[in-house]
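Notes follow once the structure below has been shown.
Below, each value reflects all heavy atoms present in this structure, side chains not excepted, and no hydrogens, waters or symmetry copies. We name chains A, B, ... by the order of the sequence lines, and we start the count at 1 in each one.
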Amino acid sequence: MTSPFQASSNSSSGIRDLIRHNQDKKSFRKTIEVWIPRFLFLLAFLSVLTTLGILIILLTETIEFFKTVPVLDFFTGTVLKPLSQTPAFGILPLVMGTLVSSGIAILVAGPIGLMAAIYLSEYASRRVRSVLKPALELLAGVPTIVYGFFAFTFVTPLLRQWIPSLEATNILSPGLVMGVMIIPMIASLSEDAMRSVPQAMREGSAALGSTKLETALKVVVPAALSGIIASFVLGISRALGETMIVAIASGSSKNFTFDITESMQTMTAYIVEVTSGDAAAGSTVYYSLYAVAMTLFATTLLMNLLAGKIARKFREVY
Amino acid sequence: MTTLTNYRPATRLRVVARTEAPKPIFTTEDLNVWYGTTHALKNIDLTIYENEVTAIIGPSGCGKSTYLKTLNRMVETDPAVRIAGTAKFKETDLLHATVERLRSEVGMVFQKPNPFPKSIYDNVAYGPKLHGIRKKAMLDEIVENSLKKAALWDEVKDRLSSSAFGLSGGQQQRLCIARSLAIEPSVLLMDEPTSALDPVSTNKVEELIRELKKDVSIVIVTHNMQQAARISDRTAFFLHGEVVEYDRTETIFERPSSHLTDDYVNGRFG
Ligand SMILES: Nc1ncnc2c1ncn2[C@@H]1O[C@H](COP(=O)(O)OP(=O)(O)O)[C@@H](O)[C@H]1O
Ligand SMILES: [Mg+2]
């Protein structure tokens, strides 16, 4: 194969000729260049396939479930009695349990996480940040079973000193502890968003006579808002999918209530309960697992998509 | 560089044929600034006058920005900065004044336009709101007047609520000027405000500066000699952290007393 480029160089060193010669050789490099991307594609596609597989199984089994329980009864039913003589399959108690616990969690983690992020991004010296941020992220590595145990054996008894009516298993305590669990996530992601706000904006604000706090609250936080919101949404999504803490500390009463001192069950905890019991394959209880899992999957997927969308918008800001 | 270190600035500031003696707005004496161990400003004695445009020229790294940022103490954002000497804003010792107070009187326009990611309106209203002005009608008026002063009103009056980022670079810079003017500062510090702009926008900003000097004193850093000659009343020539010469702009450009100034303004080094 001759080079399409004519030797027009007047170089005398011959390096150009050598390079051209090497480029003309049909080399192993070219083969690699063709096959490696295909291999990489396969690997990437594998994870898509897995997700698709899960989705298909969830869907087919859910359809099976809806053959015995009408869709409308499932989504609007406030009574869940899967093992009773006269079973009822309303998902609303689980939805309530899930929303309430996640709601409590985000009420705790949102403000605290955001304040921590403001401190880390706007006030902390490089040295303090280099210690605090990894420490905060370490908190994210604590196994959730430890948090669950902590909620049940420490937080609930502590709370009962203030709220005597609190049941031994209740939704409040795991909600609070889940909040603590997602603080690092919100703090860390919000801090990233705030730190990516250009320094020039802080200077613009300072030059108008703002204090550091005013600049943080009126310029930096609004500028990083979509990143902050995305971190909240991811935090909520994490709380929605959290299992161990609620399974341990909130018991398994399928109450449909707003009373946070009572025991409630989340979608995840229901799945744990049913799968660790002995629901016969093919029974309605067994299929209900899939319908609940599907609902949970759809909710978290929606949240993640939302977070991604918000985060993308955030990248376009500057 | 022995000639330089031995050099004493020729600050003969006789006011020639003026009906009224200009009032000093900034006076710095023996002003020294260090970044860690870098001695960026050395014994700066300068008096800057009210309602004039004062240009600061000099090769890059000579301390122009440092001097400007000392006047509103934005240098202090770098924790390694150390300042010695005296610097007065009008009668107050600015180095010991409340920094937020000082900055609300001494506005600053940066090299690159830095509007906030907010609407055009909110950019201009930011300062007044910050300093406690809440009435909508009053804010509206401030926004309109400031944008008019910055010669931007006609271009943006129909889209005050759209994002400032949709404006061109030149418009953004004028928006930043409007944002500074909104809190009626007595001084505007400008650090190479046109270096990121095209010639047409540069012209507009220069016109604006000439117009604004009726209301505010302006200190402008520029690396563009023609610009300094066109718009300023007085020019200070900095070199290696020192003031080589400070005089009326015509003098600096036509009969400088230092050969260093002469070389620099005639483009023989820089
Ligand atoms: N943040 C900083 N940290 C350390 N040195 C700096 C910093 N800013 C400026 N300097 C140094 O101080 C001197 C003056 O800089 P500057 O005032 O920015 O010059 P100019 O604006 O005239 O180009 C230069 O030697 C520069 O390297
Ligand atoms: Mg500079």
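Within a 6.0 Å sphere centred on CZ of R101(B), heavy atoms belonging to other residues, nucleotides or ligands number 12 at most. Counting non-hydrogen atoms of neighbouring residues, nucleotides and ligands closer than 6.0 angstrom, the NZ atom of K112(B) reaches no more than 12 such neighbours. The environment of Y123(A) atom OH is dense: over 12 non-hydrogen atoms of other residues, nucleotides or ligands sit within 6.0 angstrom.
No part of S125(A) comes within reach of chain B, as not one of its non-hydrogen atoms sits under 4.5 angstrom from that chain. With a threshold of 4.5 angstrom between heavy atoms, P115(B) approaches chain A through N, CA, C or O but not through any side-chain atom. Looking at E203(A), the atoms closer than 4.5 Å to chain B (heavy atoms on both sides) sit in the backbone and in the side chain alike. Heavy atoms of V109(B) lying under 4.5 Å from chain A are absent altogether.
Your options are N72(B), L189(B), I183(B), and the one with the most heavy-atom pairs under 4.5 Å with chain A is I183(B). Put simply, of G209(A), P222(A), A206(A), the one with the most heavy-atom pairs under 4.5 Å next to chain B is G209(A).
For the 3.5 Å distance criterion, the side chains of Y49(B) and T54(B) fail to qualify, holding no donor opposite an acceptor.
Every residue two or more places apart in sequence or in another chain that forms a side chain to side chain contact (heavy atoms under 4.5 Å, CB included) with N114(B) is listed here: A200(A), F110(B), C176(B), R179(B).
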